[in-house]
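Here's the structure, in structure tokens; my notes come after.
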Protein chains: 2
Amino acid sequence: MTLKEKIKTEEKIILAAEEIFLKKGFDGARMQEIANKASINKALLHYYYRSKDKLFLAVFRSLAPKIFPPVFRVLTTDLSFFEKIEQVIINYINLLKVNPRLPLFIMSELSKKSESIIEIMQETFENMDFNPLQLFKEELQNEIDKGNVINIDYQQLFVNIISLCIFPFVGKPILKIIGFENSEKEYDEFIENRKREVPKFIINSIKISK
Amino acid sequence: MTLKEKIKTEEKIILAAEEIFLKKGFDGARMQEIANKASINKALLHYYYRSKDKLFLAVFRSLAPKIFPPVFRVLTTDLSFFEKIEQVIINYINLLKVNPRLPLFIMSELSKKSESIIEIMQETFENMDFNPLQLFKEELQNEIDKGNVINIDYQQLFVNIISLCIFPFVGKPILKIIGFENSEKEYDEFIENRKREVPKFIINSIKISK
DNA sequence: GTCTATAATGTGATAGAC
DNA sequence: GTCTATCACATTATAGAC
């Protein structure tokens, strides 16, 4: 068996495990189902990853960075503050359209407070080459000082922005039940519109018109 | 054994089951753990509820109504539109402070798309004596027509409001990791402040000053 | 590396005494 | 109604052939 094929098997396992863990969480996932999805034998999972725990940690480690970093990199550019907010939101919603199950997965698993999972998440942020929250704080203070933005707490505004991006994906099932469009296509449109509506909503609220 | 004591045992079971299911979800919960928490024998769980499934459905049925109805009842009062928004937010945040795990629980379980759970959620809404989303739509249109509020889609605004209330509870673990106050007390303060900040943020965004 | 077969354990559920 | 003891099965994990 060549090296190339070994990588291929390991990759197949990780992709299958990602899909199953994302859909069912650690507790709901079954090694057999992951093996089936990867079209291999169950014993091979243990050959490569020794245990369900270790396989899960590998998956979590690869998914953790997706929840924030790429999105907030735009804060390091030289766009205007309002353009940055708009770009963060558009990028974030686009990211979540590709990984709609990611937020619920990360938050469910983190809520179990397992030591190892929290450590992985912490390492993920320590390994970033910039601190999004700190950067955001400074940029915001700058705009407040210049009189472009109302005096608002950076943590409150930061949470507002990500709430408005993430929640529609986490809350989709319940929103559908309480009377949102039932077809997938209509819900997609609703999400698509948010790329325009959310920046408008936020900037409306904080911008000082001169 | 008197009727009163029977009710007491059933109640003990439901309370214990609520706590464990809320914390660990259906898949992560163990009947043994629920029995321990209720200080009874595991066999007694089955005597009262026959199966884990049925016990879970009983718990879910009792929790489902808490996620929305009481909060939006204020829409039926004769307060002004902006006061109603403020009251919805304050009431909702207060509700979530008492049940911080409720949103993640409901959304995790709904995301599994089990027939029976979705049915329960649907029935919960059908049993309400008013339709919050419809009511909200009409009230908003009214204000738009009167020129008090900018022209904004009611679904977008509705989701904005509940996003800003719910997300800080769902996302608490990750927010702590990315650099929010680490002590519980400070996070509580952050949440407490949102009862003032979120209404301001929303009304700022949609109100037309005359 | 990959498979089949099987061990080892965990867990929901039941039988039956009291 | 409540308990102890136990079953039946699902699931993780390993042994060993190829």
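Throughout, protein chains are lettered first and strands after them, A, B, ... in sequence-line order, and every chain is numbered starting at 1. In this text, all values refer to a predicted model and were calculated from it rather than measured experimentally.
- Closest to the side chain of B:R30, out of D:dT12, C:dG12, C:dT4, is C:dG12.
- Under the 30°/60° scheme for interplanar angles, the aromatic rings of B:F26 and B:F56 are found to stand perpendicular.
- Between A:F158 and B:F180, the angle of the ring planes lies from 30° to 60°, which puts this pair in the tilted group.
- For A:T9, a side-chain nitrogen or oxygen approaches OP1 or OP2 of C:dT2 to under 4.0 Å.
- Nucleic acid contact class of A:A35 (heavy atoms, under 4.0 Å, all strands): none.
- Checking C:dT2, C:dA13, D:dG1 against every side-chain atom of A:Y47, the shortest atom distance belongs to C:dT2.
- Checking C:dC3, D:dC3, C:dA13 against the side-chain heavy atoms of B:M31 singles out C:dA13 as nearest.
- In this structure, A:R50 atom CZ and C:dG1 atom P are separated by 16 Å, rounded to whole Å.
- A:D129 has a carboxylate O that lies under 4.0 Å from a charged side-chain N of A:R73, or vice versa, which qualifies the two as a salt bridge.
- Comparing C:dG12, D:dG1, D:dA13 by their closest approach to the side chain of B:L44 singles out D:dG1.
- Across D:dA15, D:dA13, C:dT14, the shortest atom-to-atom separation from the side chain of A:K42 is found for D:dA13.
- The side chain of A:K52 has D:dA13 as its nearest neighbour among D:dA13, D:dC3, C:dT2.
- Computed from coordinates, the A:I20 CD1 to D:dT11 C1' distance equals 15 Å when rounded to whole Å.
- With C:dG1, C:dG12, D:dT14 as the candidates, the nucleotide lying closest to the side chain of A:Y48 is C:dG1.
- Comparing D:dA13, C:dT4, D:dT4 against the side chain of A:N41 picks out C:dT4 as the nearest.
- Contact annotation: B:H46 does not reach the phosphate of C:dT14 (side-chain N/O to OP1 or OP2, under 4.0 Å).
- Atom NZ of B:K12 is separated from atom C1' of D:dT2 by 11 Å (rounded to the nearest Å).
- For the residue pair A:N36 and A:Q32, a side-chain donor N or O sits within less than 3.5 Å of a side-chain acceptor on the partner.
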